[in-house]
Structure formats: C-alpha cells, structure tokens
Amino acid sequence: MLKCKQILNKTLSASFNFKQTMFNNFNFKTFALDINKLRNIGISAHIDSGKTTFTERVLFYTGRIEEIHEVKGTDKVGAKMDSMELERERGITIQSAATHCMWKDYHINVIDTPGHVDFTIEVERSLRVLDGAILLVCGSSGVQPQTLTVNRQMNRYNVPRIVFINKLDRAGANPWQALDQIRFRLGLNVAAIQIPIGIETTLKGIVDLIKMKAIFFDGPSGENIREEEIPGEMMAEANKFRSELIEKLAEIDENIQEKFLGEEQISEEELKASIRKGVISLTFFPVMMGSAIKNKGVQLALDGVLDYLPCPAEKTTMALDQKRNEDKIELNNDETKQFIGLAFKLEENKYGQLTYIRAYQGKLKRGDVLNHINSNKKVKIGRLVRMHSNEMEEIQDVAAGDIFAIFGIECATGDTFTDNVAVTMESMHVPEPVMSLSIKPKKSEYISKFIKAVQRFQREDPTFRIAQNEETEELIISGMGELHLQIYAERIRREYEIDVEVGNPNVNYRESIAAKSSFNYLHKKQSGGAGQFARVIGYIEPLISDFESENLNQGNIFVDGTGGDAIPNEYIPAIEKAFHENCKRGPLTNSPVIGVKYVLEGGQTHAVDSSSLAFGLATKYSMSQGFKEAEPLLLEPLMTVEVTGPAEFQTAIMNSVAKRKGEVIEANTKNNTFIALAEVPLSNMFGYATELRSITQGIGEFSMEYKTHKPVPPYDVEKIIEKFQKQQQTTKTTTKKGDSFDI
Ligand SMILES: Nc1nc2c(ncn2[C@@H]2O[C@H](COP(=O)(O)OP(=O)(O)OP(=O)(O)O)[C@@H](O)[C@H]2O)c(=O)[nH]1
Ligand SMILES: [Mg+2]
C-alpha cells in the first residue's frame, strides 16, 4: 500500500510562469483601485461560440497582448486564454482562465469559461464570484441547448448580463433570428442597442442605436475606430430598432415611459442610465453585435461593460454568520471592514497550491495573517498575485471587490478566508458526477505518481471524484461525462507521463426503495472468545415518491424511536453511523443509497456480549433484510437532450431518439432547422455523437444536461445487476495483490 503523503513533493509539469510585473501600463497603487471603476466579468456561452476568440481581442485592444493569435490557429501559438496544451490542440477551452486589463481607466477582471457541458463547474464557480457577464450567442446557429444551461447558471447567481451576438460574418448569420430566440427561449427581456452594417461577407461595421452613429473598425486588427453618420439607406432601419429599444425600456422605466408617451427627445445619457438600471436589476438585457474573428464590435462591448454592468459595490452578496446559526448577512464590498474572501478555484503548480479568491470585504496585503474558517487555522499570506491566464503577476495588496490569487496555502474550493470574523460565504452549486470508469496505470511502478495526479485533479475539480471499489480494489474516477474523464486520463498521460488503462464508462447508478418494510434482526456470535449480541427492530421507508420532481439530495434519515428503553443510549450512535455507512453501497450494484428513512423502534441487548461493534453489524444486516421486502429500486441518470439538425433529417433524428428510449418532450421546426427536446437515460447515450453525425451528413448537433436519477425499468434491472456481478468477478480475478490504492 502506498501512502500518498509521501509523494507530494515532486514537481508538477503545469506550465505556469511567475512574473514580478512592472505594471507599466497599469497603475495599481496601494488600495487605490476605485471600486466604481472596477468590473468583474465572465465570458460565457455554449461551446464554440467564440468566447476565447472574443477574449483574445479584449486583451489586444486593452494592450495586454501585442498580437492576436487564433484558437487552433495556423501560427501554432494559440489564444492566450487557452494555455493548456490540450486546449490548444483540440481548440476547446477546458478550464476557466482569469486575466485583468484596463479599458478607459477602468480595471476589468475577466474570466473566459469553457462552453462544453462536461466542464460546467468552471462556469458555475466563475459565475458565483462575478458581478456581470457577456453572454455570447452565435449569430448563425443561434441559441443552443448549452446557451439555456449557461443562462440558467447566470440566473442562479443573479448575474447581470450583456448579450453579444457573435459570428455575424458567418454564412447564414441572422441576428434577428438569434434575438428572437434569446427573447423566447431564454425568456430575457432584450432589445438590440446596435444593428450590423452589412452581414455575412459584407459585414462592415455596427450602427450604435444610442449615439445614432455608424462605427467602423479599421486597421489590420480593427484597432482604429472610425465614427460616421449612419448611411442614408440604413436610417429607417436604425430608427425602427431605436424605437423598439425605447419601447422596451419604457416598459421598465417610468422616466423613459413619460418621455416616450409625450414624444419627447431622450438623450444618450438618459438611455444609458435606463439601460444600466435595467441590467443591474436583471429586468433588461441589451443586445450588442459583431464578429470577434473579423475584429468588429469588441471595443463597443467593452464600452458596454463599463456603461451597463455593475461595479462590485452595486451587487450584494450573502454570507453566513457562524455565531448566529448561519443567519444570512449582506456584504457590500466595504473595504473599511474586516477582510472576507471566498476561494473559488484551485490549481496546483510548481509553487504549490494556487488559490483564486474573490474579496468581498476589507483589504489584504502581503504578509497579513488570515483565518481559514473551514480548518480554523491561521495562515500567513506570503504572496499575492493577479492571474494573466497562466502567468502570475505579483501585487502588494488588494481590496474588497477584487479578484486575485494566493499560493502555497491549502484549502478546498468554496472555503472562506477572513480577518478573524466568524463568517462563511455561501458556497456554489456543485452538480453530481454522472459517469464513472475504472482506471489504472499500465505499469504498477507508477501507482504512487498516478495517485498523486488523480488526487490533485480531485482537489482542483469538485465534479471529479475518485473512489476505490472495496471489493475489487479498482480505482474508479467519476465525472460529468465521457469527455471530462477522457481529458483527465489524457492529462495523466501528458502531465505525469504515465500511460493509463481505462475501463468502459459506466453511468453512476443510485439505489433506493419504493415500499415500507420491517426488520427484526438478531446478530449473535457467542461461540468462543468475546461474544457479540445485538438485536435491532424497526422499519425502513422511502423518502422520495416522485424521482422526477423531488429533491434527490435530501440524504437518508435515521430516527431513534426506541424512547431510550430497549437499547441503551450508548449504542444508538453506532447504529446511526452504521446505517449511513451502509447507505454508501446499496445491495444491488454497490451504488450509493438515497431517500431512505431508517426508524429504530426497539431491540435487545445482552449484559456482557453487546457492544457498538455488534450493533453496527446488526444494523448492516437489518438493512439487507429490510431492503429485500422494500421493493429496491435501481436509479439511473436521466438526461435532458436537445438535438438540432436540418429539417430534412427530422424523421431520422426522431427515430434515433426513440431507439435510445428517449421520451420526446418538444419538437418543432423553425427556419428549416429541426429541434427536438427529449429525456433519455444516460446509459443509452453512448456513441450518439457518431450516430447523429452519420444520419445528418455531419450537420446534426446535440447537447445533454443531467436532469435527475429515475428508476430503471424492472426488466433492465436484472441485466444491469448481472453485468455488475460479472464485472466484479473479472476484476477480482485480474486485480493482482499489491495493486491496491491507498487513498
Ligand atoms: N466565422 C466566425 N468564426 C468565429 C468567430 N469567433 C470565433 N470563431 C471561430 O469559432 C471557433 C471557436 O472559437 P472559440 O473562441 O474557441 O470558441 P469558444 O466559445 O471559446 O469555445 P469553447 O471555449 O470550447 O466553448 C474557432 O474556430 C474560431 O475561429 C466569429 O466571429 N466568426
Ligand atoms: Mg474557449
């Protein structure tokens, strides 16, 4: 058995650069960041909508990079924010990356997030700490299933947002269709504040409907902004969309309403103020337009960030008062109070653990000592840095509202650091992993290094879990989907140079019961040595009756209904512990048990032979006894799947969903595109990408998101149990002694 702690001091291969930055074009003075001129924004959207390409332009126009490099570009350099080798190779963002820049004397912290649903935790943790976001929508493919997910995440954290319709240079681009979808599918109260001049290959610039000017982006990288009068032939269109904007604002703003009804002139300042108010109160979402790749519209979006998105002081956050029963208290980014910060992202590099923190109150300078609330330990903050993708830039101090990083300090995602106040920040939503696979190094001499790698990834990513199958001693990794797990297997190969063997992916089952059932179990061993005697009597019953609508995270409940007579109090904790312990592995497939209530009503003890151990064992067997009669259920992950493809393939798409036992919830065709929304068991979705491509001539796309765990139909349960038992047998015989993981 290998002890992991012994192997923690080897160097990691993550490519971080440490710089003592001069901040030549940055003017960071001690505590001098004006909170009103600070913005914390995220760039979020569905996969491939151009987030990293957009952020690359942001960095270029703000002077943070000297040249623009494309995602998966031919120059082999790659975009700044996709710094991982795998990201550059595959052209997808895997990890969120943070940077900061100055635009017109405002300091902007930017986080570029991944779009693929498997990396959703990266979006979740970023949105948890950001004050505003740019929601990108592809001008050609419009609102995609993942756009709905990201929009829901933004709603969860009340994130004010600007919408940017990107890719207007693409064939088939249609901003009005995208705008319609944003309005009806995302349910956002939107209006365009810009319209494009030209479209597809003729896209030339943007009309600003607030200034009523035409804006062009000259120079090799669109860096020179030219403002002109709106071309005569576009005036009627511009007036029409400006009126639409004013009408929308009049619905939420009395001042605009009065002027609109009185047909009075509305000034640029009044319009901007009204939009800002609407954005911050989440009642209005302005729509901007352009093409990141053709360098059109990005600077105006940056202006929009300053004009419409809130500064940290305009957004309140809730914290939990640990001295008053976790009562909620409002934090207002007040820098005169004691420091409070939330650790929202961790990474390990050769300097140790790098922890990204959002400061919600107070100030912090290097050398200060903070209390790590979750461990109640004092930690000295040796160095403070700002991140610029994979580069660290050292700073002296930070204040409330800002985002920064510390390193060399151990903690977990969601932990709170304070200046001696007993307060924790509300944590973030962490979705449950839905897929698992077994994994091991090809050569057993690499086990220690391998364990170190998976442990590191588990610390960094709360949706990546490692566990050991106690019977087979196999190491099982769980995550959000095939790609998520594949990427980690690949990172182990590349970053740790260990070849790994992975098993077939399995979905993460859960177990529960459908009926109430009694138990009366006597555990008795009285032959030779110290005896064991314990009887437990009671019943188990289901807590969940509708798996589609009830909260599945309510856990399992233990109730002591003995009234203190039948079983001495000293044994009750052992019974409760054994119940929860045994809920970790259900009787059908060793999957975690959810939604079960165990009620202990009575029992029997023996003056000499009863013990906590005996009661623990009695509880274990009483559960097996109870489960048999309680109509055990095997639950599987059910996914909401959205499939899109050309209308001509409608029948083929519907058949493919039906074949995978999907239940179609909604299906319609718009503008020659067929969209089907269905609920499909995850176990039936393996290989769907390939099938969809082949039945739609490579054009069809789908996205899926976890909905709930629902009971597997009885005729499938037996097959799954049989497969599980076979797997147990084979891994038992192939796992050699000494292969064991000590995690
Ligand atoms: N035609 C066109 N292509 C674009 C535009 N913006 C980005 N792209 C291309 O779209 C592809 C995806 O761009 P990315 O910037 O990686 O998209 P992303 O949203 O960051 O992708 P993920 O992070 O993986 O979700 C790349 O091939 C880009 O060159 C645009 O405005 N027009
Ligand atoms: Mg990206």
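In this chain, numbering begins with 1 at the start of the sequence shown. Just follow the structure's listing: the first ligand is 1, and inside any ligand the first atom is 1.
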Problem set entry | Nearest candidate to atom 8 (N) of ligand 1, where distance is taken over non-hydrogen atoms, out of Lys167, Arg57, His46, His116 | Lys167
Problem set entry | Donor-acceptor pair between Thr113 and Ser44 side chains, under 3.5 angstrom | yes
Exercise. Checking only N/O/S atoms, does Thr53 have one that is under 2.8 Å from the Mg ion (ligand 2)?
Worked result: no
For this session: Flag Phe54 as yes when one of its N or O atoms lies below 3.5 Å from any N or O atom of ligand 1, and as no otherwise.
Result: no
Exercise. Does atom 24 (O) of ligand 1 have any protein heavy atom closer than 4.0 Å?
Worked result: yes
Seminar exercise, completed: Closest to atom 6 (N) of ligand 1 among protein heavy atoms sits Asn166 ND2, 3.3 Å
For this session: Apply the test side chain to side chain donor-acceptor pair (under 3.5 Å) to residues Arg693 and Tyr688: give CA-CA distance (whole Å), side-chain angles for both, the deciding distance (0.1 Å), then the verdict.
Result: CA-CA 8 Å; Arg693 264 198 302 273; Tyr688 189 56; over 6 Å; no
For this session: Answer yes or no for Thr113: is there an N/O/S atom below the 2.8 Å cut-off from the Mg ion (ligand 2)?
Result: no
For this session: Tell me which part of Thr52 gets within contact of ligand 1: side chain, backbone, both or neither, using heavy atoms under 4.0 Å.
Result: both
Exercise. Relative to Phe217, does Lys296 satisfy both conditions: NZ or CZ under 6.0 angstrom from the six-membered ring centre, and within 45 degrees of the ring's axis?
Worked result: no
Seminar exercise, completed: For atom 21 (O) of ligand 1, the closest protein heavy atom turns out to be Asp48 N, 3.1 Å
Problem set entry | Identity and distance of the protein heavy atom lying nearest atom 17 (O) of ligand 1 | Gly50 N, 3.1 Å
Exercise. Hey, is Ile92 touching ligand 1 through its side chain, its backbone, both or neither, going by heavy atoms under 4.0 Å?
Worked result: both
Seminar exercise, completed: The protein heavy atom nearest to atom 27 (O) of ligand 1 is Val71 O, 5.0 Å
Problem set entry | Atom pair CE (Met84) and CD1 (Ile94), whose distance is rounded to the nearest 0.5 Å | 5.0 Å
For this session: Please answer whether the main-chain N or O of Phe686 pairs with a side-chain N or O of Arg660 as donor and acceptor at a distance below 3.5 Å.
Result: yes
Exercise. Between the main-chain N or O of Gly479 and the side-chain N or O of Arg465, is there a donor-acceptor pair closer than 3.5 Å?
Worked result: no
Problem set entry | Element-labelled atoms of ligand 1 that are located less than 4.0 Å from some non-hydrogen atom of Arg170 | 1 (N)
For this session: Would you give the length of the straight line joining atom OG1 of Thr149 to atom CD of Glu642, rounded to the nearest 0.5 angstrom?
Result: 9.0 Å
Exercise. Is there a donor-acceptor pair closer than 3.5 Å between any side-chain N or O of Arg242 and the backbone N or O of Ile210?
Worked result: yes
Exercise. Purely on distance, is any nitrogen or oxygen of Ala292 under 3.5 Å from one on ligand 1?
Worked result: yes
For this session: Considering the heavy atoms of Gly115, write down every atom of ligand 1 situated less than 4.0 Å from one of them.
Result: 22 (P), 23 (O), 25 (O)
Problem set entry | Any donor-acceptor N or O pair under 3.5 Å, side chains Asp461, His484 | yes
Problem set entry | Distance filter under 4.0 Å to Ser49 heavy atoms, resulting ligand 1 atoms | 17 (O), 19 (O)
Problem set entry | Residues Asp208 and Lys213 bridged, charged N to O under 4.0 Å | no
Exercise. Purely on distance, is any nitrogen or oxygen of Glu70 under 3.5 Å from one on ligand 1?
Worked result: no
Problem set entry | For atom 29 (O) of ligand 1, the protein heavy atom that lies nearest, with its residue and separation | Ile293 CD1, 3.1 Å
Exercise. For the atom pair CD1 (Ile41) and CD1 (Ile108), what is the distance rounded to the nearest 0.5 Å?
Worked result: 5.5 Å
Exercise. Which protein non-hydrogen atom lies closest to atom 1 (N) of ligand 1, naming both residue and atom, and how far is it?
Worked result: Asp169 OD2, 2.9 Å
Problem set entry | Residues Arg152, Glu705: salt bridge by 4.0 Å N-O rule | yes
Exercise. Can you list the atoms of ligand 1 that are under 4.0 Å from a heavy atom of Ile47?
Worked result: 24 (O), 25 (O)
Exercise. Which of the numbered atoms in ligand 1 are below 4.0 angstrom from a heavy atom of Thr53?
Worked result: 6 (N), 7 (C), 13 (O), 14 (P), 15 (O), 28 (C)
Exercise. Counting only heavy atoms, which portion of Asp112 has something under 4.0 Å from ligand 1: side chain, backbone, both, or neither?
Worked result: neither
Problem set entry | Within-cut-off N or O pair, Lys51 and ligand 1, under 3.5 Å | yes
Exercise. Are Arg226 and Glu228 close enough for a salt bridge, meaning some N to O gap below 4.0 Å?
Worked result: yes
